[in-house]
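Below: the structure, in structure tokens.
As a basis for the values below, the full set of heavy atoms in this structure was taken, side chains included, without hydrogen atoms, waters or symmetry mates. If you're wondering where the values come from, they're calculated on a predicted model, not measured in any experiment.
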Amino acid sequence: MMIASVCRIGHNFQLHAIGWKWKLTTCLGGDGVARICNKTSLGLCPGVDFRFGWRADYILPEITGSVGTGEPLFNMNSGRLQASLDRVEAVLSQ
């Protein structure tokens, strides 16, 4: 797994303050969302097979923080997984 780190420094002219933000996340999925689509076959006994079509979408975890910007010093998003079973087929053969 590849880890990406981003650090930005900025200046607030109204408050005369300098602050910086940082972010630690993975490089997978581009926008932080990854998707797995798959078909799985399971042979129950000779002549009986089950086929499953399933999908999983997940948002990768990230850790962010900032100093001097009024945002939290440390913030963690643990990610999310959403899975669905889209299709189930029973195949009988002789």
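Across all non-hydrogen atoms, the minimal contact from Asp49 to Gly43 is OD1-CA, 3.3 Å.
Qualifying side chain to side chain contact (heavy atoms under 4.5 Å, CB included) partners for Leu44, counting only residues two or more places apart in sequence or in other chains: Val48, Phe50. Under the side-chain hydrogen bond (donor to acceptor under 3.5 Å, both in side chains) criterion, Arg51 pairs with no residue, sequence neighbours left out. Under the rule for a side-chain hydrogen bond (donor to acceptor under 3.5 Å, both in side chains), Ser41 has no partner lying at least two apart in sequence or in another chain. With sequence neighbours excluded, the residues satisfying salt bridge (charged side-chain N to carboxylate O under 4.0 Å, His left out) with Arg55 are Asp57, Asp86. For Leu73, the side chain to side chain contact (heavy atoms under 4.5 Å, CB included) test picks out Val67, with sequence neighbours left out.
Between atom CD1 of residue Ile36 and atom OH of residue Tyr58 there is a gap of 4.5 Å, rounded to the nearest 0.5 Å.
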